[in-house]
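Order of the sequence lines fixes the chain letters, A, B, ..., with proteins taken first and strands second; residue numbering starts at 1 for each chain.
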Amino acid sequence: MAAKKKATKKKSSRRYWLFKSEPNSYSIDDLAGERMQTTFWDGVRNYQARNFLRDDVAVGDRVFFYYSNSKPMGIAGTMEVVREGYPDHTAFDPDDHHYDPKSDPDEPTWFMVDVKLIQSFPALVTRGDLKSETALAKMMVLQRGSRLSIQPVTAAEWKAVHKLAGVKDL
DNA sequence: GCCAACGTTGGC
DNA sequence: GCCAACGTTGGC
């Protein structure tokens, strides 16, 4: 039978991402301490980032855990996506810092995914380290004014960062 | 602490 | 629909 199967999500090869967090609010050690070393990545309140979480980030994708607004800044380790985009319930909680009264539970505005720790790098790969690597010159997080908190990463960048960290790509 | 780069809001 | 004002992000 030649009937086309309708897919809600295009099947494609594994993708790579970078998620930002301020380690003062949530660090890779916090993730390591979670049950199953897994958590939901909540609080994204930007439409472009939301679209990535809702439409593109898929189970099995790999993610850099990036420390922003910290000293030092950089990539702390890697995570695997274990649940694809679903409504961010913290938007419905008036007591939550990321509460958004405009997000309707019946038609949620904001989405999140679940991530599981793959590895903490032996040492933070700092922003300075990243900048000194010519292969990473075009990496989005290094571009001026790159405020997006969910960013796509190329396979080559994924590999180059592991080389800088001196670890295997698990 | 400063400020450039954005994103959002609201008056018109 | 335009755009000035304002708020936030996040590197330096």
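Screening residues 115-139 of chain A for salt bridge (Lys or Arg N to Asp or Glu O under 4.0 Å), with sequence neighbours left out, gives no hits.
Summarising the hydrophobic clusters (Ile, Leu, Val, Met, Phe, Trp, Tyr; side-chain heavy atoms under 4.5 Å, direct or chained), the residues clustered with A/Ile75 are A/Tyr16, A/Leu18, A/Phe64, A/Tyr66, A/Met73, A/Phe121, A/Val125, A/Leu130, A/Leu136, A/Met139, A/Val141, A/Leu142, A/Val153, A/Trp158, A/Val161, A/Leu164, A/Val167.
Partners of A/Tyr86 according to the side-chain contact (heavy atoms from CB on, under 4.5 Å) rule, which considers only residues two or more places apart in sequence or in another chain, are A/Phe40, A/Arg83, A/Met112, A/Asp114. A/Tyr67 is linked by a ring-ring contact (aromatic ring centres under 6.0 Å, His included) to A/Phe65, counting only residues two or more places apart in sequence or in another chain.
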Nucleotide N/O to protein N/O under 3.5 Å, stretch nucleotides 1-5 of chain C:
none

Write out a two-atom table: protein N or O, nucleotide N or O from nucleotides 6-12 of chain C, distance below 3.5 Å.
residue, atom, partner, partner atom, Å
C/dT8, O2, A/Arg147, NH1, 2.9
C/dG10, OP1, A/Lys20, NZ, 3.1
C/dG10, OP1, A/Arg147, O, 2.6
C/dG11, OP1, A/Tyr66, OH, 3.2
C/dG11, OP2, A/Asn69, N, 3.1
C/dC12, OP1, A/Lys131, NZ, 2.5
C/dC12, OP2, A/Arg127, NE, 3.0
C/dC12, OP2, A/Lys131, NZ, 3.2

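A/Arg62 places no side-chain N or O within donor-acceptor distance of the main-chain N or O of A/Trp17, the cut-off being under 3.5 Å. Listed for the A/Arg14 side chain is a donor-acceptor partner under 3.5 Å among the backbone atoms of A/Gly60.
Less than 6.0 angstrom separates the ring centroid of A/Trp110 from the ring centroid of A/Tyr47.
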